[in-house]
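Letters go in sequence order (proteins before strands), and every chain restarts at 1. Remember, it's a predicted structure, so these values are computed and weren't measured experimentally. Side chains are part of it too, since the values below use all heavy atoms of this structure and drop only hydrogens, waters and symmetry mates.
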Number of protein chains: 2
Amino acid sequence: MRTDTVYKKAFNRAATMLRDGQLSGELPSENELRRRMGVSRTTVRKVLGELAHRELVAERGGVRTAGRAVEDSDYYPDAETTSRANHVEQQFMEWMLRGDTRPGTSINELELARQFGVATNGIREFLIRFSRFGLLEKRPNTGWLFKGFTEDFALELFEIRVMFELRSAHLFSRQPNTSPLWDKLAALKVAHTELLKRIESRYHDFSGLDNRFHRLINEASPNRFIDDFYDIISFIFHYHYQWNKHDELQRNQAAILEHLAYIDALESRDPERIRRACQAHLASAKATLMRSLV
Amino acid sequence: MRTDTVYKKAFNRAATMLRDGQLSGELPSENELRRRMGVSRTTVRKVLGELAHRELVAERGGVRTAGRAVEDSDYYPDAETTSRANHVEQQFMEWMLRGDTRPGTSINELELARQFGVATNGIREFLIRFSRFGLLEKRPNTGWLFKGFTEDFALELFEIRVMFELRSAHLFSRQPNTSPLWDKLAALKVAHTELLKRIESRYHDFSGLDNRFHRLINEASPNRFIDDFYDIISFIFHYHYQWNKHDELQRNQAAILEHLAYIDALESRDPERIRRACQAHLASAKATLMRSLV
DNA sequence: AGCATGAACTTTATCCATAAAAAACAACTT
DNA sequence: AAGTTGTTTTTTATGGATAAAGTTCATGCT
């Protein structure tokens, strides 16, 4: 049966909105809520129904207002708000990055399905999706070959990353001075400086900033294949560093400094300086990753 | 139910081997046949069973020999030898490239499933696989957005292709003179010249040659992401030109000449000359594609 | 006419079942 | 011992069913 995670997540969101007083007085129309929560009206109605049932909202003559106070126990547990597909993704990544699965191992849909507690279909869909990351290969009628998160993989990944980023950085710097992206870059620079000041406690926030920065650079000259490739990078890094927290503070601090130098270089419009700053940053990111692979 | 296309294709192959006298005298062992045909022994046995049943092979005391002559009617029809997944691929590509599907249309799994006569599962798997080609986008819980085989797509595709190919060609030329790839290149050069002589009748053979050539260039410095990208190119071109035969002879003839110039440039090891030959060839491939998109 | 709710219909996410194909095991033969 | 063939077990490819979520239609209210 399909999970009702969309509903549960929406319900939790609505509960938070109620608690934070974002829905004071008469509640907005179903359509308005739908827009705010990004789900269908059908789901909104289901949420409203349950909220009314639990007296979190009061319905009097077709008018809805906030009801009793929201309690912690009103929320659905987080585990019930992620779809099966998401569960599979997380479990697989953990299996791959944590476990000691050797490169060259073959992957068995049925076995993973049993291990993760889902139907084989879900496993297969995930593997198909994931195979574009270059870590898997499908052998028809037979199964999947796990190629491993190896040094080779990292080298090949970074070779492309450098090519793409040099290209994008160059094109970024050639934009007219009137481009709004320059302002966005300036804003990001500020964000970096701010984070640097508080790095001791907030070093966790760097990964979001990193993402924004690299995506901004690509924005000046969009190319779907480059964007897709950056998806691979984000994905891999997200999971890899999620389970590999070693030296996180130092790593991130160093990266912020590199970003700042990189931003300055971009602002200088000097091609050679840009090239150097970009390469320096990527070389260090690569070294960090390689070190953690040993 | 799973299709028995693997068996039927294997059967047809075996029939051809029998007809062509590749299996004269006592037939090879099941294991040997398995190796030659690239299927499991289970399938080999099924094929042998049917061959015996139809008296195409004779079994006397555990020894198998060729039986009566193979007739055309012994073959399974081609349509029965392609898996559902393959059917879906072909039908979808036809739907996309032939039909007048506008960019921005949304794709409906159920509708395609009905139209192609398969279960939704198969459609979905295909779409997931295909989405890495940059022509589709999945919107969860909602459906798929068809982005269209547009001019933008072609421009972005070629931007990457040029980057990758310049990189690979450069690295190819830096190989030591002792590398066996130089011999392969020389062999390909001969094949090109041969084909050029017979171009009037054999122009169809170019696409195989084209593939071999570009893959050879990448072989000197393997990178899975570049290989994967080349898969996209092959796939797209394969289907696009399958239904777009306009000027095929001229196109291919011109491309052969470009390849020959390109090969000569590589053999010269002169970086600048290589760059020019490579760019010239890709520019012309791009122009051809763009022209056909109008 | 334009927006709100209610109800009906369609599509997606997910599980389950099963024939075909592969793989593993077993028993023989040379 | 290595290679055969026969048999059993496991896994993949594919169809089908259904609750959840999305979309469209219908009705009513300003």
K.L.:
Grab the CH2-C1' distance between B:W144 and C:dA13 for me, whole Å please.
P.N.:
13 Å
K.L.:
Do B:T5 and B:R84 have side-chain N/O donor and acceptor atoms under 3.5 Å apart?
P.N.:
no
K.L.:
NZ of B:K46 versus P of C:dA22: gap in Å, rounded?
P.N.:
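Between P of C:dA22 and NZ of B:K46: 10 Å.
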K.L.:
Where do B:T65 and B:R60 come nearest, in terms of heavy atoms and distance?
P.N.:
OG1-NH2, 3.9 Å
K.L.:
Which part of the nucleic acid, if any, lies within reach of A:R34 when heavy atoms closer than 4.0 Å are counted: base, sugar-phosphate only, or nothing?
P.N.:
nothing
K.L.:
Tell me whether B:R132 forms a cation-pi arrangement with B:F126, defined as NZ or CZ under 6.0 Å from the six-membered ring centre and within 45 degrees of its axis.
P.N.:
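Output no; distance or angle outside limits.
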K.L.:
Between A:E125 (CD) and D:dT14 (P), how many Å, whole number?
P.N.:
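Going from A:E125 (CD) to D:dT14 (P), I get 14 Å.
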K.L.:
Provide, to the nearest angstrom, the distance between the CG atom belonging to B:N121 and the C1' atom belonging to C:dT18.
P.N.:
14 Å
K.L.:
Please compare A:R84 and B:D4 by the position of their nearest nucleotide in DNA chain C and report the one closer to 5'.
P.N.:
A:R84
K.L.:
With a 4.0 Å cut-off on heavy atoms, is B:T3 in touch with a base, just the backbone sugar-phosphate, or nothing at all?
P.N.:
sugar-phosphate
K.L.:
Taking the inter-plane angle between the rings of A:F229 and B:F225 on a 0 to 90° scale, is it parallel (under 30°), tilted (30 to 60°) or perpendicular (over 60°)?
P.N.:
perpendicular
K.L.:
Heavy atoms only, 4.0 Å cut-off, all strands: where does B:T43 land among base, sugar-phosphate and nothing?
P.N.:
sugar-phosphate
K.L.:
Cation-pi between B:R54 and B:Y76: NZ/CZ under 6.0 Å from ring centre and within 45° of the ring axis?
P.N.:
yes
K.L.:
Counting side-chain heavy atoms from C-beta on, which of C:dT5, D:dA13, C:dA22 comes nearest to A:E30?
P.N.:
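Closest nucleotide among those given: C:dT5.
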K.L.:
Is any N or O donor-acceptor pair between the side chain of B:S29 and the base of D:dG3 shorter than 3.5 Å?
P.N.:
no
K.L.:
Pick the closest DNA chain C nucleotide for B:T142 and for B:M1 by heavy atoms, then say which residue is nearer the 5' end.
P.N.:
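Taking each residue's closest nucleotide, the earlier one in sequence belongs to B:T142.
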K.L.:
On DNA chain D, nearest-nucleotide positions of A:T5 versus B:R35: which is more 5'?
P.N.:
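The residue whose closest nucleotide sits nearer the 5' end is B:R35.
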K.L.:
Starting at atom NZ of B:K138, determine the distance to atom C1' of D:dG22, rounded to an integer number of angstrom.
P.N.:
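Spelled out: NZ on B:K138 to C1' on D:dG22 is 13 Å.
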K.L.:
Looking for any heavy atom pair under 4.0 Å, which part of the strands does B:R114 touch: base, sugar-phosphate only, or nothing?
P.N.:
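The answer is sugar-phosphate, as B:R114 gets under 4.0 Å only of primed atoms, P, OP1 or OP2.
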K.L.:
Please report the distance, rounded to the nearest Å, between CZ in B:R45 and P in C:dA22.
P.N.:
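It is 14 Å, rounded to the nearest whole Å.
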